[in-house]
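These notes are about the structure you will find just below.
Just so you know, these numbers come straight off a predicted model, no measurement behind them. Because only heavy atoms are used, hydrogens play no part in the values below, and waters and symmetry mates are left out as well, while side chains stay in.
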Amino acid sequence: MKRFFLMMTAALVMNASMAQTEKTVEVGGAPMYPGKNIVQNAVNSKDHTTLVAAVKAAGLVETLQSAGPFTVFAPTNEAFNKLPAGTVDNLVKPENKALLTKILTYHVIAGKYNAKDIARLIKEGHGKATLKTVEGGNLTATMEGKKLVLTDAKGSKSYVTIADVNQSNGVIHVVDTVLMPGA
């Protein structure tokens with residue numbers, strides 16, 4: 001029995017030690033743990049409550065909890081607030097699920113691309129890189145000084161404000177504007 005307790009104590013100490021050494025990034029006032037998946041982390045960010053509600057309304061929770069890997073450009077609540085009044089309320093209605101899904105999946109790229117990977121693609125592309133989204137459209141990535149910029153199908157720009165938030169199934173880059181797919 002004593003051996004069992006020693007083994008359990010050692011396991012608890014090891015787990016606590018690993019949790020302390022896990023490199024986190026704070027987003028929306030909450031630590032984002034690389035050992036958790038995209039959804040498990042996003043639900044804790046007070047800056048992403050609109051995104052989380054939209055992901056739930058679109059039925060994408062299970063997908064974003066899967067193995068991936070995914071690169072997600074995650075708009076903040078402020079980014080959603082830039083949309084015309086009533087847009088978000090309208091998008092989360094059941095009858096608009098297809099459009100909401102199209103917009104959300106336009107923010108996702110298959111594979112894990114950290115900021116250095118995207119910068120390398122931009123350099124290889126002589127100043128810009130075309131990123132194929134899960135939705136099927138393209139985002140154009142460029143650099144403005146040291147800032148990573150994404151341009152959507154409508155020509156609007158979104159800046160990465162927090163890069164390389166690692167997840168167990170990919171990476172999140174926080175963006176300041178909702179990206180819109182083409183027609």
*Non-hydrogen atoms of P69 and G170 that approach each other most closely*: CB-CA, 4.3 Å
*Answer yes or no: is there a donor N or O on one side and an acceptor on the other, between the side chain of N96 and the main chain of N90, under 3.5 Å?*
yes
_Could you measure the distance from the CG atom of L83 to the CG atom of D89? Nearest 0.5 Å is fine._
11.0 Å
*Are any non-hydrogen side-chain atoms of T105 and L60 less than 4.5 angstrom apart?*
yes
*What's the spacing between L99 CG and K93 NZ if we round to 0.5 Å?*
12.5 Å
*Are S168 and K36 close enough that some pair of their side-chain heavy atoms sits under 4.5 Å apart?*
no
*Would you say the side chain of F70 lies within less than 4.5 Å of the side chain of Q167, judging by non-hydrogen atoms?*
no
*Please report the shortest heavy-atom distance between G182 and A153, naming the atom on each side.*
N-CB, 3.2 Å
*asked:* Contact between V27 and V174 at the side-chain level, heavy atoms closer than 4.5 Å - yes or no?
replied: yes
_Do K132 and I109 have side chains that approach each other closer than 4.5 Å (heavy atoms only, starting at C-beta)?_
no
_Tell me the closest heavy-atom pair linking I118 and A141, and the distance in Å._
CG2-CB, 3.9 Å
*asked:* Is it the case that the side chain of Y106 and the backbone of G136 share a donor-acceptor pair, with hydrogens and angles ignored and the cut-off at 3.5 Å?
replied: no
*Mark yes or no for whether T133, through its side chain, and H107, through its backbone, hold a donor-acceptor pair below 3.5 Å.*
no
*Please answer whether the main-chain N or O of D164 pairs with a side-chain N or O of N114 as donor and acceptor at a distance below 3.5 Å.*
no
*asked:* Between K157 and L150, is there a side-chain heavy-atom distance shorter than 4.5 Å?
replied: no
*What distance do T142 atom OG1 and L148 atom CG have between them, rounded to the nearest 0.5 Å?*
7.5 Å
*Could you please spell out the steps behind the ring-ring contact (aromatic ring centres under 6.0 Å, His included) verdict for H173 and F73?*
CA-CA 5 Å; H173 302 289; F73 299 105; 5.6 Å; yes
*Validation row: T76, H48 side chains within 4.5 angstrom (heavy atoms)*: yes
*With hydrophobic residues grouped by side-chain heavy-atom distances under 4.5 Å, do L131 and I103 end up in a single group?*
no
*Taking it one step at a time, do S158 and D176 satisfy side chain to side chain contact (heavy atoms under 4.5 Å, CB included)?*
CA-CA 6 Å; S158 185; D176 68 354; 3.6 Å; yes
_Donor-acceptor pair, side chain of T87 and main chain of P84, under 3.5 angstrom_ = yes
*Side-chain donor or acceptor of T101 paired with backbone N/O of K97 under 3.5 Å*: yes
*Sequence-distant partners of T177, side chain to side chain donor-acceptor pair (under 3.5 Å), two or more places apart*: K82
*Determine whether L100 and M180 fall in the same hydrophobic cluster, where Ile, Leu, Val, Met, Phe, Trp and Tyr are linked whenever their side-chain heavy atoms lie under 4.5 Å apart.*
yes
*Atom pair OG1 (T71) and CG (D117), whose distance is rounded to the nearest 0.5 Å*: 8.0 Å
*Do L139 and T151 come within less than 4.5 Å of each other through their side chains, counting heavy atoms only?*
no
_Can you tell me how far apart CG (L104) and OG1 (T63) are? Round to the nearest 0.5 Å._
11.0 Å
*Is the OH atom of Y113 crowded by more than 12 outside heavy atoms at less than 6.0 Å?*
no
*V72-L179 co-clustered via ILVMFWY side chain contacts under 4.5 Å*: no
*Rounded distance (nearest 0.5 Å) linking atom CG of N77 with atom CG of L51*: 8.5 Å
_Single-linkage hydrophobic cluster, 4.5 Å side-chain cutoff, V160 and I172 together_ = no
*Walk me through it: do N169 and K112 pass the test side chain to side chain donor-acceptor pair (under 3.5 Å)?*
CA-CA 8 Å; N169 62 343; K112 182 177 180 179; over 6 Å; no
*asked:* Hydrophobic cluster membership, with links at side-chain heavy-atom distances under 4.5 Å among I/L/V/M/F/W/Y: are V88 and V175 in one?
replied: no
